[in-house]
Structures are given as structure tokens and as C-alpha cells.
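Working notes for the structure below.
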Amino acid sequence: MMSFNFKRVLFDSVVFSLLFVVALVVITKPDEEAMLMLGRNSLVFLGGCVLGAFVSSLFAARGIKTAGDVLFAPRHLNKLETAVPWYKTVWGWQIAVALGVTFAVAIVKTNFSIWELTDIDGFQGAMRLFKGIFNPNWEVLPAAVNNIIETIFMAFLATALAIPLAFVLSFLCAKNIMKGPVSFIVYTLLRTVLNVTRSVEALIWAIIFSVWVGIGPFAGMLALMIHSVASLAKQYSEMVETVSEGPIEGIQATGATKLQTIWFAVVPQIVLPYISFTVYRWDINVRMATIIGLVGGGGIGTMLIQYQGQAMWREVGCIIVVIAIVVWLMDAASAYIREALK
């Protein structure tokens, strides 16, 4: 119950603080210099969180459900509640207003403009670019095929090396597996490390490894592998956390060890999702290889960046066709593999 109350108050405080800060910005209209005062602005946001926590506690004392209650209350408590239309509840309007404000702020911060999107001059320039892309120059096809082969094997090796590491880490990063004080510390540390690793884009890892091992496909492969380990471990662990508890309890009742429980009760439930995530990650790595080519990561990405930098859009169109065909073939192959393993 204490965990539920903490999560409820924390969520509500952040939502109320967001609304408070946005309202403050609209009223005071601070200039750019004021927006860059990180220390002061952080204190304002924290003050909003404290105010939000007080409001959340006030609602809870009066028996009024907030968005935090709806999201984090135990399921058996929510089932006892009488169904009420969302627009007749505080939590419904809380979520609606928060989403509306977030949407409005996003439009402002991204300079979203229908007029710019429908501008005739800009549209004609885009059409000239698309005309070149959709009229490929097939003379570069042999070079594109040669480079896509390099890209496929670069992505394959990165994924293959990432699988065993991610597989082991996924169980250490699953909350339902890592129970107990020591296990929870290991879980928290690993999740933190993986989150930090995943937050660093593969492009940055490619730059690091290009300096470390030199420009080329090896640097690109290492960058994709590091990013794949962090991403796959997260996806795998989330799948482990959603497995059915029935088989686990049945295996434990036989006196099985924790390792045996994982192998015979958890692994069979996650084989197909693991394969699906792994093949999808290979797809992603093939596409990401086109980006890390920007910093010399090798593969078809380097070729794409060269032609793009020279505005040779017909050649870019040929490369895009090759990449699209390869990704489509990989997707079709993964579908057949999943079907065969059912």
C-alpha cells in the first residue's frame, strides 16, 4: 500500500507541476535568458511538484480519485468501483487537461505550421527531390548491392553478439525474477546502466569506436552491438515480466532451483517473442547502419551519405530501393520463422 501511495503522489505531483509550470510560462512570458536559468527553473518545477503532492493528498483525504489512483491502485480496488463516465471524474479531467496542455506545448515547441507545410515554393522543392528519388539511377545498383551485403552481415554480427548478453541480462533486469534486497540492487544498477547505454545513440557510439578501432564496418558493428544489447535486454526483460505465474508456481512446487524454474517455466513462454524482437532488432540495425555511415561506420550508409551530400537524388533513390527490398525480405522471412516455430 505504501508503494501505491508513493507512486500515486509522485505521478500526480508531476502532472500538477507540469500544468503549474505551463500556466506560469503563459502568464509571465519569460524571455530566452530566463528560460536558460536552469537552477531557478528546477526549483520552480520542484515547487510545483510539492504543490501537486499536497493537492493529490488533499484529494485522497476526501476520497476523490486522481489519475495516480486509476493507474497505480491495486486491481481489486478498481474492480470494486462503480463505472462512471470519465468526464464526470476528477481523474478524467486531470488526464484530459494534461494531454491537451502537453499537445499544445508540443505544437509550440516544434513550430508546427500548416501554412509552412502547404507553402507552394517549399512543396515544389520537395517534389523536385522526390522526382529524383522515384526515378532511380540503376547504374549504381552493383555498388549498392555490394554495400548492402556488407551492411547485412555487419548488422547480423552485431545482433548475434548482442543476443547472448541481452538474454542473460534480461533475467537480471526483470522485476519478477529479481526479488529480495540484493537482487533488487542488482536489478536497479543494471537497469540504470542499460538506460544510460541506450540513451546514447548508435551514431555517438560509432564516433567513439571510429576513433578507437578506425573508420570502417568494424566500428559500425561495435556501435550497433552495444546499442542492441541495451535495447534487446530491455525488450526481453519486459517480456519476462509479463509471463504467466502459473507455470512458475508449478515448477517451484516440484522443488526446482531458481535456474531450473527460469529454464523450464519462463523460457518456453518467451521463445517466440524473443525471436520476433531479435529479428526486428536486425531490421533496425540494417536501417541504423545507414545513419552510422555518416561518421564512417561502413556499409551502405557511407554510400548513401556520399550521394546525399552531393544532392544526387537519383542515386539516393536506387539505394533506398535496395534498402527497402532487403528490409521487406527480412520481415517476410521473420514471419515465416515465427509461423514455423508455433
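- Side-chain contact between F20 and V44: present, with at least one pair of heavy atoms (C-beta onward) separated by less than 4.5 Å.
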Next on the checklist: Please evaluate residues F218 and L222 with respect to the criterion side chain to side chain contact (heavy atoms under 4.5 Å, CB included), reporting the C-alpha separation (whole Å), side-chain torsions for both, the decisive distance (0.1 Å), and the verdict.
Outcome noted: CA-CA 6 Å; F218 184 42; L222 291 173; 3.7 Å; yes
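- Heavy-atom contacts from other residues, nucleotides or ligands closer than 6.0 Å to CD of E33 number 12 or fewer.
- Interatomic distance, L58 CG to R62 CZ, rounded to the nearest 0.5 Å: 5.0 Å.
- Distance alone, capped at 3.5 Å, places no donor-acceptor pair between the S231 side chain and the S228 backbone.
- Residue F167 qualifies as enclosed at atom CZ: its count of foreign heavy atoms under 6.0 Å is above 12.
- Aromatic ring pairs are classed by plane angle as parallel below 30°, tilted from 30° to 60° and perpendicular above 60°; the pair W212 and F209 is parallel.
- Linking ILVMFWY side-chain heavy atoms closer than 4.5 Å, directly or via other members, places W263 and V243 in a single hydrophobic cluster.
- Considering every non-hydrogen atom in both G214 and A219, the closest pair reads O-CB, 3.5 Å.
- The OG atom of S199 sits 10.5 Å away from the CG atom of L194 when rounded to the nearest 0.5 Å.
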Which side-chain N or O atoms in residues 88-98 pair as donor and acceptor under 3.5 Å with protein atoms at least two apart or in another chain?
from	atom 1	to	atom 2	distance (Å)
T89	OG1	W86	O	2.7
T89	OG1	W91	NE1	3.4
T89	OG1	G92	N	3.0
W93	NE1	Y87	O	2.7
Q94	OE1	A67	N	2.9
Q94	NE2	D12	OD1	3.1

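- Looking at heavy atoms from C-beta onward, S13 lies in side-chain contact with L10 at the 4.5 angstrom threshold.
- Between the side chains of R8 and S56, at least one donor N or O lies within less than 3.5 Å of an accepting N or O.
- Considering only heavy atoms from C-beta on, M178 stays 4.5 Å or farther from F184 through its side chain.
- Counting heavy atoms from C-beta outward, T66 and V70 have side chains that stay 4.5 Å or more apart.
- At least one donor-acceptor pair closer than 3.5 Å links the side chain of W205 to the backbone N or O of V200.
- A distance of 8.5 Å separates CE in M154 from CG in N285, rounded to the nearest 0.5 Å.
- Grouping the Ile, Leu, Val, Met, Phe, Trp and Tyr side chains by contacts below 4.5 angstrom, directly or via other members, places F59 apart from L51.
- Remark: T242 OG1 to I270 CD1 distance equals 9.0 Å, nearest 0.5 Å.
- A233 and A166 make their closest contact through N-CB, 3.7 Å (heavy atoms, listed as atom of the first residue, atom of the second, distance).
- Annotation: Y236 is in aromatic contact with Y274 [ring centroid separation under 6.0 Å].
- The distance from atom CE of M312 to atom CG of L304, rounded to the nearest 0.5 Å, is 12.5 Å.
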Distance-only donor-acceptor pairs under 3.5 Å for side chains of residues 127-146, two or more places apart:
from	atom 1	to	atom 2	distance (Å)
N137	OD1	E139	N	3.1
N137	ND2	E315	OE2	2.7

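- Annotation: side chain of L161 is in contact with side chain of M221 (closest heavy-atom distance under 4.5 Å).
- The hydrophobic clustering, which links ILVMFWY residues whose side-chain heavy atoms are closer than 4.5 Å, places V55 and L71 apart.
- Contact between S237 and C173 at its shortest, heavy atoms only, is CB-O, 3.6 Å.
- Residues I185 and F171 do not share a hydrophobic cluster, clusters being chains of Ile/Leu/Val/Met/Phe/Trp/Tyr side chains in contact below 4.5 Å.
- Remark: E238 engages K234 in a salt bridge (Lys or Arg N to Asp or Glu O under 4.0 Å) (not counting sequence neighbours).
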Checklist entry - What's the verdict on side chain to side chain contact (heavy atoms under 4.5 Å, CB included) for T197 and I226, showing C-alpha distance, side-chain angles and the deciding distance? => result CA-CA 8 Å; T197 303; I226 292 294; 3.6 Å; yes
Checklist entry - Going through the checks in order, is the side chain to side chain contact (heavy atoms under 4.5 Å, CB included) test met by W313 and Q308? => result CA-CA 7 Å; W313 300 116; Q308 180 183 330; 3.9 Å; yes
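- Residues N195 and T192 have side chains that never bring a donor and an acceptor to within less than 3.5 angstrom of each other.
- The closest side-chain heavy-atom distance from I300 to I319 is below 4.5 Å.
- L189 and V196 fall into different hydrophobic clusters, where Ile, Leu, Val, Met, Phe, Trp and Tyr residues are linked whenever their side-chain heavy atoms come under 4.5 Å apart, directly or through other members.
- Side-chain contact between Q306 and T302 is present, with heavy atoms from C-beta onward closer than 4.5 Å.
- Within the model, atoms CZ of F16 and SG of C49 stand 11.5 Å from one another, a figure rounded to the nearest 0.5 Å.
- Contact annotation: the side chain of I284 approaches that of R281 to within less than 4.5 Å [non-hydrogen atoms, C-beta and beyond].
- Put simply, the side chain of N41 gets close to the backbone of M35: a donor and an acceptor are under 3.5 Å apart.
- Between the side chain of S17 and the backbone N or O of F45, at least one donor-acceptor pair lies under 3.5 Å.
- Here the shortest heavy-atom pairing between A223 and A202 reads CB-O, 3.7 Å.
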